[in-house]
2 protein chains.
Amino acid sequence: MGRRSDHTAEELRELLLAKGHALMAETGFAAFSGRQVARRAGYSVGTIYNVFGSLDALLAAINTRTFELWADWLRRALADGGEDRIASLVRGYFDFALAHPLLWSAIYEHRLPDGQHLSEDDLARRAELTGIVQQEVAAILPADTPLDVARYARSLIAGVHGHCSYVVTGSFALLDETDPLGSALDRVRESLAHHGAYNGANAPGT
Amino acid sequence: MGRRSDHTAEELRELLLAKGHALMAETGFAAFSGRQVARRAGYSVGTIYNVFGSLDALLAAINTRTFELWADWLRRALADGGEDRIASLVRGYFDFALAHPLLWSAIYEHRLPDGQHLSEDDLARRAELTGIVQQEVAAILPADTPLDVARYARSLIAGVHGHCSYVVTGSFALLDETDPLGSALDRVRESLAHHGAYNGANAPGT
DNA sequence: TTTTTATATTGAACAGTGTTCATTTCTGCG
DNA sequence: CGCAGAAATGAACACTGTTCAATATAAAAA
């Protein structure tokens with residue numbers, strides 16, 4: 001088969017991305033295969049390279065899409081959650097990872113080859129997630145805080161990420177760890193309290 | 001070639017493990033290959049399956065060895081570090097990951113197939129690392145702390161892990177993050193202070 | 001309308017992978 | 001010395017990512 005007109009370039013990109021994302025959700029990073037994506041889309045291997053340039057670029061796009069879903073998830077958690085917006089965020093972070101463990105893990109399992117970097121577009125899209133958290137953190141810190149809020153928010157995220165990563169990996173499951181989310185939230189609250197944040201439910205657990 | 005007597009079963013296991021560990025350090029998880037390990041050891045593919053049963057078992061053993069090196073590294077950091085043993089631990093955690101990024105990453109990139117778990121032996125060996133931290137944390141908490149120290153220590157580790165993981169992944173590099181180690185240590189100190197720990201240099205950074 | 005040009009799509013080719021297992025070769029025991 | 005059993009092999013199978021000459025088709029030109 002040669003040139004076709006079933007889809008515009010735009011549509012084809014979206015089709016491959018959608019099928020790729022679905023495959024990742026089903027099988028996970030280790031079993032992911034470009035050929036399988038092409039097959040599901042009704043095209044052949046080469047098309048992926050025509051459209052994305054490399055398999056890595058497709059993978060990056062798939063993971064960026066996961067970031068976008070994740071950001072939506074957090075926004076919803078904030079909207080539906082109660083007064084304690086920090087708790088909503090931490091819970092949202094965990095819930096998403098647990099709801100889509102394969103998609104979530106893929107983000108951290110995919111490493112670009114040495115020297116290659118994410119496109120500006122991917123970076124910008126992914127930064128939204130951090131932005132949401134940063135905004136909430138800024139909102140409850142004293143107006144005159146000496147903290148670099150962006151940096152501080154990233155640090156809090158990193159802390160929560162660590163807990164979450166242990167849960168999804170299974171490292172915690174074997175240790176009778178009952179409440180990793182609770183631990184993560186405790187650490188966040190301790191830190192926020194230390195920096196004079198005011199929160200609807202500020203008191204850290206014991 | 002058939003049966004040989006160049007190595008005992010024990011020696012052969014060690015040989016494959018050593019070559020496998022070296023390969024992982026050189027090429028990282030993505031480019032790791034069982035065939036390559038066998039070639040370097042002067043044996044053929046099948047031998048890996050004879051000795052370890054599966055490639056996953058070899059990978060688990062390789063990563064367990066990394067854990068052991070990491071624990072040694074922390075012990076040395078504690079011995080050579082100053083009074084502030086918590087700082088030594090956090091620094092040690094980061095330094096190891098940065099000194100051996102491919103080995104360190106491999107720990108978290110290797111996922112056992114669904115339903116399979118690490119052997120008791122692997123688990124026990126890996127637990128040493130946590131044990132070292134737990135001991136230090138227990139030492140500076142008030143004797144009458146209501147905390148479950150094991151659980152709490154794991155939580156602190158998770159927090160540091162999150163920061164470190166962002167560094168090694170490169171997520172932080174793109175954000176002009178100058179001092180992730182410092183951030184991690186600040187969060188740990190804030191929490192420890194909150195729980196009444198006494199530390200040679202207790203005051204968290206601002 | 002026909003011809004030409006440009007481009008999208010293909011799929012065979014290549015070098016690698018994990019995994020299995022019949023076959024072979026050697027060791028140690030009787 | 002002969003032989004049972006264990007260890008090492010490597011071909012076979014089905015897959016992978018990546019490249020690229022060939023081809024079929026759409027769009028533009030004549």
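Chain letters run A, B, ... following the sequence lines, proteins first and then strands; every chain starts at 1.
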Using 30° and 60° as the class boundaries, would you call the ring planes of H195(B) and Y152(B) parallel, tilted or perpendicular? perpendicular

Using whole Å, what does the distance between atom P of nucleotide dT20(C) and atom CZ of R35(B) come to? 13 Å

Would R126(A) and E68(A) pass as an ion pair if we require N to O under 4.0 Å? no

For I48(B), report the nucleic acid contact type (base, sugar-phosphate, nothing); a contact means any heavy atom under 4.0 Å. nothing

So does T47(B) get a side-chain nitrogen or oxygen closer than 4.0 Å to the phosphate oxygens (OP1/OP2) of dT9(D)? yes

Distance check needed: dT17(C) C1' versus D56(B) CG, whole Å only. 14 Å

H110(B) vs F29(B) aromatic rings, parallel, tilted or perpendicular, using cut-offs 30° and 60°? tilted

Between dA7(D) (P) and E10(B) (CD): distance, integer Å: 13 Å

Just the rounded figure in Å: distance from C1' of dA22(D) to CG of N50(A). 14 Å

Give one of base, sugar-phosphate or nothing for G34(A), where a contact means two heavy atoms less than 4.0 Å apart. sugar-phosphate

Heavy-atom nearest nucleotide on DNA chain D for D6(B) versus F32(A): which residue maps closer to 5'? D6(B)

Do the ring planes of W104(A) and Y93(A) sit parallel (below 30°), tilted (30 to 60°) or perpendicular (above 60°)? perpendicular

Does the side chain of T66(B) pick up a donor-acceptor pair with the side chain of H100(B) at under 3.5 Å? no

Whichever of V45(B) and V45(A) has its nearest DNA chain D nucleotide further upstream toward 5': V45(B)

Tell me the interatomic distance from R13(A), atom CZ, to dA8(C), atom C1', rounded to whole angstroms. 17 Å

From CD of Q116(B) across to C1' of dT19(C) the rounded distance in Å is 14 Å

Taking any heavy-atom pair under 4.0 Å as a contact, classify Y43(A): base, sugar-phosphate, or nothing. sugar-phosphate

To the nearest angstrom, the OH-C1' distance between Y49(B) and dA7(D) comes to 17 Å

Whole-Å distance between dT16(D) C1' and L55(B) CG? 15 Å

From the candidates dG18(C), dG17(D), dT10(C), the one with an atom nearest any side-chain atom of S33(B) is dG18(C)

